[in-house]
Amino acid sequence: MVAQKTQIAPPKLGEPFLLTPGPLTTSYAVKEAMLRDWGSWDDDFRAMTKSMRSQLLEMLGEGADDFDCVPMQGSGSFAVEAMLASFIPKDGKTLVLANGAYGKRSAQTLAYLNREHIVLDKGDYLPPRGEEVAKILAEDPAITHVVAIHCETSSGILNPIEEISEATYGAGRKLLIDSMSAFGAIELKVADIRYEAMVSSANKCIEGVPGFGFIIARKSELEAAKGNSHSLSLDVHAQWAHMNKTGQWRFTPPTHVVAAFLEALKGHKVEGGVAGRGARYARNRDVMVEGMRELGFETLLKDRWLSPIIVTFFCPADENFVFDQFYALMKEKGFIIYPGKLTVVDSFRVGCIGQMDEHIMRQVVTAAKETLAEMGVASAAPPALALQERAKLAA
Ligand SMILES: *Cc1c(COP(=O)(O)O)cnc(C)c1O
């Protein structure tokens, strides 16, 4: 393969690019930032935590003063659990909007927490719409909270969060958002979209390494969260109160991850913040999808629903196509792709996030083309069943 010109340095030591939704390919500067140790109680590290929290809040735009940012140790799911347990009172009732694995995980978390909830399950990839939410809320006045997934990473669908927010507040209820794979690349300005709290993590669109999540919540909700959590370590109110009082995390912080994250935030700013990052990812998606379609691949989603985060493709119908072999041959060429999560037809996913640009995405398409040839796959066209499935999705 002929290397194309790129602004983005390839990963060192022959590492493959991670075309996955996090952990993802990070910059060398981000990795390098982890080459020193920090004392968690030391002023230097406290200043790092403070700077990180305020930089994240800046991304909310006008009105951010009403919110605060609370980092939480663990992977993203720990932060989701912390958010759900801390902001939904024990006697609250939640409507979970699910259209994939992460919506289901929120519902499962509420089941573990013994918090009353109902689920609007739209299957693998249909979006929950504002009218549906409004109807359910009108019929069930006991519902206090709605939980929505911003980008459902299992299909890559960008859910209509504005619509969902309007329906929720139109009915006088509160919205909590899992914006794990969207925040930092897709605007979530509090002046445009009303919500009480959202959650994301270090290793998604900010392009840090895994190790913590963060909850951004309205200060009034943070105050009111006292005593809601079932868990000592996941209590957002307690973490917030302690951090504001002492500048420290309650329990051992992932110091190196925070240092790397600050470096990642620098890169995010240089790129032009949320708008700049979102534009690069959208370009990554457009170049990659166009190239893959030229090879005959079809996307699960119609263009209106394609997120700039990750794209699901149907596996080709050609009997020579075997996903595991496709995966291994792509990896040999330097690209790690991701298996699909659809229940009805076979699929795979290609991520657009991380330290990659359109030149890399063109190389991904070239690698896919060569791999199909090596496997003896004549056409990447999906089976008829896949297209029937897709026809269910409105434009
Ligand atoms: C990545 C992700 C999570 C968290 O997953 P972890 O594996 O716990 O980091 C939650 N929700 C969404 C939508 C995600 O993309």
Summary of side-chain hydrogen bond (donor to acceptor under 3.5 Å, both in side chains) pairs that have at least one residue in residues 306-322, sequence neighbours excluded: none
Residues 175-183, side-chain donor-acceptor partners within the protein, below 3.5 Å, at least two apart:
residue : atom : partner : partner atom : Å
Asp178  : OD1  : Met180  : N            : 2.9
Ser179  : OG   : His150  : ND1          : 2.9
Ser179  : OG   : Phe183  : N            : 3.2
Ser181  : OG   : Cys151  : O            : 3.2
Ser181  : OG   : Thr153  : OG1          : 2.9

Using a 6.0 Å distance limit plus a 45 degree cone around the ring axis, check whether Lys341 lies over the aromatic ring of Tyr102. yes
Inspect the contact between Arg129 and Glu163 and indicate whether a charged nitrogen and a carboxylate oxygen are less than 4.0 angstrom apart. yes
State whether Lys135 and Glu131 are salt-bridged, where the test is any N-O pair (Lys NZ or Arg NE/NH1/NH2 against Asp/Glu carboxylate O) under 4.0 Å. no
Are any non-hydrogen side-chain atoms of Leu57 and Asp68 less than 4.5 angstrom apart? yes
Lys/Arg-Asp/Glu bridge criterion (N-O < 4.0 Å) met for Lys269, Glu58: yes
Roughly how far, to the nearest 0.5 Å, is CG of Asn203 from CZ of Phe212? 9.5 Å
Stepwise side chain to side chain donor-acceptor pair (under 3.5 Å) check, Glu374 with Gln325: CA-CA 10 Å; Glu374 288 164 32; Gln325 199 188 351; over 6 Å; no
Compare every heavy atom of Phe314 with every heavy atom of Pro382, then report the nearest pair and how far apart it is. CB-CB, 3.5 Å
Under 4.0 Å between a Lys/Arg side-chain N and an Asp/Glu carboxylate O for Glu370 and Lys333? no
Using every non-hydrogen atom in the two residues, find where Met52 and Trp249 come nearest and quote the distance to one decimal. CE-CZ2, 4.0 Å
For Thr371, run the side-chain contact (heavy atoms from CB on, under 4.5 Å) check against Leu329, Thr366, Leu295 and tell me which one passes. Leu329
When rounded to the nearest 0.5 Å, the distance separating CZ of Arg105 from OG1 of Thr109 is 7.5 Å
Minimum side-chain heavy-atom gap Pro253-Thr49 below 4.5 Å: no
Does a side-chain heavy-atom distance below 4.5 Å link Leu372 with Phe297? yes
So which of Gln73, Gln239, His242 actually passes side-chain hydrogen bond (donor to acceptor under 3.5 Å, both in side chains) with Arg250? Gln239
Give the C-alpha distance, both sets of side-chain angles, the deciding distance and a yes or no for side chain to side chain donor-acceptor pair (under 3.5 Å) between Arg293 and Thr299. CA-CA 8 Å; Arg293 283 181 177 156; Thr299 58; 3.1 Å; yes
Of Tyr338, Tyr327, Phe326, which meets ring pair (Phe, Tyr, Trp, His ring centres under 6.0 Å) against Phe348? Phe326
Side chains of Ser155 and Asp124: does their closest heavy-atom pair fall under 4.5 Å? no
Are the side chains of Phe17 and Met361 in contact, using a 4.5 Å heavy-atom criterion? no
Measuring only between side-chain heavy atoms, which start at C-beta, is Asn228 closer than 4.5 Å to His237? no
Quick one: do Glu358 and Arg362 make a salt bridge, cutoff under 4.0 Å? yes
Please step through side chain to side chain donor-acceptor pair (under 3.5 Å) for the pair Tyr28 and Glu263, ending with a clear verdict. CA-CA 10 Å; Tyr28 193 73; Glu263 190 59 39; over 6 Å; no
Taking side chain as C-beta onward, heavy atoms only, is Ile164 less than 4.5 Å from Tyr195? no
Do the side chains of Lys174 and Glu221 get nearer than 4.5 Å, heavy atoms only? yes
